[in-house]
Participant: 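The structure's right below; bear with me while I get my questions together.
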Amino acid sequence: MHAMVLKKIGAALKWTELADPQPGPGEIRVKISACGVCRTDLHVVDGELPEPKVPIIPGHEIVGRIDLLGAGVKGLKMGERVGIPWLGHTCGVCPYCIGGQENLCDHPIFTGYTRNGGFATATIADARFAFPLGEAGGDVSLAPLLCAGLIGWRSLVIAGAGKKIGLYGFGAAAHILAQVAKWQRRSVFAFTRPGDLSTQAYARSLGAIWAGGSDELPPEPLDAAIIFAAVGDLVPSALKAVHKGGRVVCAGIHMSDIPSFPYRLLWEERQIVSVANLTRQDGIDFLRLAPEMGIVTKTTSYPLNQANQALADLRAGRFEGAAVLVP
Ligand SMILES: [Zn+2]
Ligand SMILES: [Zn+2]
C-alpha cells in the first residue's frame, strides 16, 4: 500500500510505500476510494492536539470497499462499501460508553490521529465502527459526510430545535449543514471572514437567508449559533448574536483562546457548549437521512500524493466546500 505519512509534527506529509496491513480479529481492511480532508487533519499536522502520535497517516473521512475480513467480523461483507469516521474504537466499559456517551470514552482510538487513517490506498478499521454506505451516491461526494456532515449534524442537534441558526465559518461542515437546516425548515444565517463576499454569496446560494461578516450582527437575534471556525474571538461575537436563553455551540476540536468578555453577554441564560467527536448512533441517524435530505456536497478532488497541496489550500481557504483525496 501507499500512504501520505506524517513523520514529524509540522512537516510535510511524505509519500511512502508500506507493507499491506492485515486485519486483526474484529477488524476489516478497506481499499480506499476517497478520503475527505478536514480541519482536524491540519490540527494533527500542526501538533495542536494533545499527545500527538507520529508517524501517523491522517484522514478520517474514508470511503472504500472491504477487501479483507478479520476473524469474527459479523454483519459486513467482502466488497461492501463502507465509511470510516473519526471515532475508530471505544472501550465499551467506561462510564461514558455505558451511559450512551461513547463520544466521550475514556480510552478511545481516533482514525487518522491515534490510529492510521485514510490518506492512503488502504486502511484497517474496527468493523463495529464502520458505517455501511450502500450504493447510492459517488465515493468522492460521500466522503465529506463522514466528518463534516456528522459533526455538523451532532452540532445542530445540540443547538436545539430553534428555527434561526447562525453558522460561523462557512467551510465543509457549514455547506452541508446549511442544506440540512433548510430541509428542516430552519433559517440559516451565515457568518464568514469580514469582507469574504464570495463565500457569503456561496452561503446564500445554499439557502442561507442572510450572510455577512463575523464582525456583523444578524438582522434579528438568533436561537442558536454554531462555530466551526477555530477562532476563539467568535465566541463573544456569537453570544452577542443570540437572544436570551440562546445557545452557542463550539464544534471544533481545537480553537484559539477565547478572549475575556463582559458577563452581560452570557447573562440571561445564554449557554456556551462544545461538541466532541461522534457516537455511532449519530452516524446511523445522519447517514440514513442524508439521501432523503438531498444533500449535494461540493468537492475539490486531489490525487492522494497531492495531500500537502490540499492541506495548504484548506488552510488558505482556497476552495468552497470540501477537499477530497483520491488514490
Ligand atoms: Zn469507553
Ligand atoms: Zn474531521
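First listed ligand is number 1; within each ligand, the first listed atom is number 1. We number each residue from 1, following the sequence as shown.
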Participant: Just wondering, are more than 12 heavy atoms of other shown residues or ligands nearer than 6.0 Å to NZ in Lys8?
Facilitator: no

Participant: Within the stated cut-off of 2.8 Å, is an N/O/S atom of Cys105 closer than that to the Zn ion (ligand 1)?
Facilitator: yes

Participant: The Zn ion (ligand 2) as vertex, arms to NE2 of His60 and SG of Cys38: angle to 10°?
Facilitator: 110°

Participant: Report the angle formed at the Zn ion (ligand 1) by atom SG of Cys97 and atom SG of Cys91, rounding to the nearest 10°.
Facilitator: 120°

Participant: Could Glu220 and Lys164 be called an ion pair, given the rule that one side-chain N must be under 4.0 Å from one carboxylate O?
Facilitator: yes

Participant: With the threshold set at 4.0 Å, does a side-chain nitrogen-carboxylate oxygen contact exist between Arg270 and Glu268?
Facilitator: yes

Participant: Before accepting this row, confirm whether a basic side-chain N of the pair Arg65/Glu135 lies closer than 4.0 Å to the acidic partner's carboxylate O.
Facilitator: yes

